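To start, the structure under review is shown below, and the notes come after it.
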2 protein chains.
Amino acid sequence: MPREKKLTIRDIARLAGVSRSTVSLAINDSPLINDRTKAKVLKIIEEVGYRPNAMARGLVSDTSGAISVVVPPVGHVFSDWYFAESLSGILDAASAADFRVAIEIATEDFKSGRRAVQQFEERRTDGLLAVGALVTDDYLERLLEAGRPVMLVNSELGRVPAVIADNVEGTVAIVHHLASLRHRAIAYIKGLDITTTGRHRDEGFRKGLQLAGLPFRDDLTAFGDFTEASGYEAMGQLLDRKPLPTAVFAMNDMMAIGAARRMKEHGLLPGRDIALVGGDDAPLARYVEPPLTTLRQSMYDLGAEAARLLLKWIRTKQPPPPRTLLHTELIIRESCGARLASARRGGQLR
Amino acid sequence: MPREKKLTIRDIARLAGVSRSTVSLAINDSPLINDRTKAKVLKIIEEVGYRPNAMARGLVSDTSGAISVVVPPVGHVFSDWYFAESLSGILDAASAADFRVAIEIATEDFKSGRRAVQQFEERRTDGLLAVGALVTDDYLERLLEAGRPVMLVNSELGRVPAVIADNVEGTVAIVHHLASLRHRAIAYIKGLDITTTGRHRDEGFRKGLQLAGLPFRDDLTAFGDFTEASGYEAMGQLLDRKPLPTAVFAMNDMMAIGAARRMKEHGLLPGRDIALVGGDDAPLARYVEPPLTTLRQSMYDLGAEAARLLLKWIRTKQPPPPRTLLHTELIIRESCGARLASARRGGQLR
DNA sequence: TTGTAAGCGTTATCAA
DNA sequence: TTGATAACGCTTACAA
């Protein structure tokens with residue numbers, strides 16, 4: 001069992017026969033140091049396996065070399081893949097810049113501001129990234145006002161810089177697609193108004209109808225809360241309408257999946273008897289039957305881009321632009337793959 | 001914009017009219033300090049919103065107050081939910097103990113040992129938790145030998161302490177269940193040998209057959225790599241067997257889902273014509289058709305328990321027991337819900 | 001019970 | 001180009 005070696009910069013200085021400050025210059029690749037001296041010092045550092053103490057460095061530089069990612073508490077409307085994918089993007093971008101990533105849970109305690117502010121005041125973090133923040137999370141705005149580097153991943157909140165998916169444009173594309181399939185009566189399963197994504201999809205849906213020359217129909221609108229169960233319930237209401245809508249847009253995939261279950265219980269097969277579109281491109285979307293047409297927003301890309309902007313902000317002290325939009329992509333699968341006319345002929349999909 | 005206040009222990013000392021060390025004693029709730037003095041100091045700290053600099057504290061105490069979680073690089077055999085659930089458990093347990101959690105990606109660079117060791121040598125982390133480590137990740141053993149607190153979540157590796165699900169017992173229960181449904185010819189879709197979970201399920205499957213008095217049949221064994229596609233392929237091979245097996249055990253859910261797809265293409269409905277069991281209880285398992293019978297191992301519990309043991313290790317300097325087993329649970333759903341006899345009568349499930 | 005002073009391991013300033 | 005030396009903000013003997 002190798003004994004706990006605890007090398008410091010003094011040891012290196014002694015071994016190299018130079019002073020501590022010379023070692024420091026070598027470590028930090030300063031132009032003030034002679035190449036020969038630097039090489040000699042670095043060689044010794046390599047040999048003995050010395051690593052500078054991050055705490056001591058941080059104490060002097062007043063930085064931590066870490067950013068925090070705030071995630072919603074478990075049980076939130078965003079399911080795991082959403083968080084996991086954005087975290088992957090954040091991790092990759094941060095690691096590339098040699099930053100560490102710490103995770104924080106957005107408990108009420110944290111959001112009340114106390115704990116969030118503390119992370120900065122204790123110099124534990126250099127910046128903060130909020131994934132899946134709600135429009136009610138105003139603690140982020142307070143951090144921003146206090147001059148802290150704070151960014152949002154796929155949500156909007158006051159003047160806090162954000163990287164978001166262009167769900168308005170994407171949902172317009174959904175309606176356009178349905179309209180091009182000759183659908184005139186498009187039902188709508190709307191989610192909650194607390195997420196930016198939801199609000200943008202609502203905006204896009206209405207805009208899309210307008211562009212297609214279709215009216216927004218309250219009688220074809222039902223409400224859910226982003227869960228599978230709420231989609232099932234909402235679809236139940238829509239099935240009472242006469243005549244039935246020929247297409248349904250559910251604001252997210254889980255509600256769409258719930259709606260599909262209700263449709264099938266009612267003897268209607270999505271994609272053959274009725275068109276169904278969701279949103280998110282959750283992993284599940286391609287496995288349900290029939291596979292779900294949906295709107296893909298790459299959470300990985302959103303997370304990575306947000307991390308890059310945050311790190312640049314930390315480095316340069318210059319805040320990024322308030323909004324960075326990333327494209328969404330309409331993923332067409334069997335749940336609305338066929339034209340309405342051919343669907344009516346009862347053609348088997350898949 | 002409130003200006004950047006940067007309070008130090010000196011400011012508090014001055015405001016409270018005491019010395020810096022007295023403030024320190026108050027912060028750390030020392031018994032050496034007078035209650036009145038402590039109250040006075042803490043009141044001022046509260047009022048002005050002072051927070052001790054974590055770097056300075058860490059420099060003195062030689063601890064970071066953070067643990068690292070090492071996760072496999074994206075694209076690994078474990079899908080996102082696996083990581084996301086265990087991370088949730090780890091986060092909850094660590095937060096409860098007022099520890100922070102930093103994420104590291106197990107890149108080759110990291111695993112080579114250099115980066116992993118550096119995290120400790122730079123005093124950035126007090127302990128390390130590896131989720132989904134492979135049996136080839138021997139850098140963890142080297143860390144352990146160097147006296148670092150290191151634990152495994154649901155894998156085994158040398159003498160590194162681990163918290164794992166009892167997949168042997170669980171898989172025995174699967175075979176027992178199938179045998180009790182009168183299945184005698186149980187086909188087997190085996191995954192890779194690089195995961196502990198896989199090896200334990202293999203062990204449990206063989207043990208289960210033995211207990212049921214059934215032979216292990218090479219001719220009913222096919223191989224996959226834990227992916228949906230590989231399950232699909234493996235099932236294709238098994239469908240060539242005459243007579244067909246009446247039941248199939250796939251080592252994990254994704255392979256089982258692939259197998260189900262192949263069965264259906266072949267005109268066989270899992271749960272009616274053939275019994276199918278997977279493993280993991282992935283979120284997807286309950287949404288596929290028919291819903292999949294599977295073996296649940298709570299990754300949340302495994303993560304939380306591992307974090308608790310790691311933190312205790314850090315606190316007490318006493319390593320935990322080498323193995324902590326957590327129970328698995330057989331989740332019976334439609335894919336093998338009926339007895340073979342009734343299934344043969346063609347009864348509609350669900 | 002409180003205060004003084006000596007570190008902790010770096011970086012930065014300023015002479016040499 | 002290099003080497004003393006003074007911060008950085010805190011904890012902890014040791015003294016008072």
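Just so it is clear, the structure is predicted and the values come from calculations on it, not from any experiment. Below, chain A is the first sequence line, B the second, and so on; all start at residue 1.
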At 4.0 Å (heavy atoms only), tell me whether [X] reaches a base, stays on the sugar-phosphate, or touches nothing.
| X | answer |
| --- | --- |
| B:Leu59 | base |
| A:Thr8 | sugar-phosphate |
| B:Val23 | nothing |
| B:Ile33 | sugar-phosphate |

By nearest heavy atom, map B:Gly17 and B:Asp62 onto DNA chain C; which one lands nearer the 5' end?
B:Gly17

5' precedence on DNA chain C between B:Val60 and B:Leu32 (nearest-nucleotide basis)
B:Leu32

[N] phosphate, OP1 or OP2: any side-chain N/O from [X] under 4.0 angstrom?
| X | N | answer |
| --- | --- | --- |
| B:Arg57 | D:dC10 | no |
| A:Ser24 | C:dT11 | yes |
| B:Tyr50 | D:dG9 | no |
| B:Asn28 | D:dT11 | yes |

From [atom1] of [X] over to [atom2] of [N], roughly how many Å is that when rounded to an integer?
| X | N | atom1 | atom2 | result |
| --- | --- | --- | --- | --- |
| A:Met55 | C:dG7 | CE | C1' | 17 Å |
| A:Asp11 | C:dT10 | CG | P | 9 Å |
| A:Arg20 | D:dT2 | CZ | C1' | 14 Å |
| A:Arg10 | D:dG3 | CZ | P | 15 Å |
| A:Leu7 | C:dC8 | CG | C1' | 16 Å |
| A:Lys6 | C:dC8 | NZ | C1' | 8 Å |
| B:Arg14 | D:dG9 | CZ | C1' | 15 Å |
| B:Lys38 | C:dG3 | NZ | P | 16 Å |

Name the closest nucleotide to the [X] side chain, picking from [options].
| X | options | answer |
| --- | --- | --- |
| A:Thr22 | D:dT11, C:dT4, D:dT2 | D:dT2 |
| B:Thr37 | C:dT4, C:dG9, C:dT1 | C:dT1 |
| A:Ile9 | D:dC10, C:dT11, D:dT2 | C:dT11 |

Electrostatic pair [X]:[Y] at N-O distance under 4.0 angstrom:
| X | Y | result |
| --- | --- | --- |
| B:Lys6 | A:Asp62 | yes |
| B:Glu145 | B:Arg159 | no |
| A:Lys111 | A:Asp138 | no |
| B:Glu46 | B:Lys43 | no |

Side-chain donor or acceptor of B:Ser21 under 3.5 Å from a matching atom on the base of C:dT4?
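Yes, a donor-acceptor pair under 3.5 Å.
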
Do you know which two heavy atoms are closest between A:Thr196 and A:Asn154, and how far apart they sit?
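Of all heavy-atom pairs spanning A:Thr196 and A:Asn154, the closest is CB-O, 4.5 Å.
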
Test A:Glu104 against A:Phe110 for side-chain contact (heavy atoms from CB on, under 4.5 Å), laying out the working first.
CA-CA 8 Å; A:Glu104 296 282 344; A:Phe110 187 92; 3.5 Å; yes

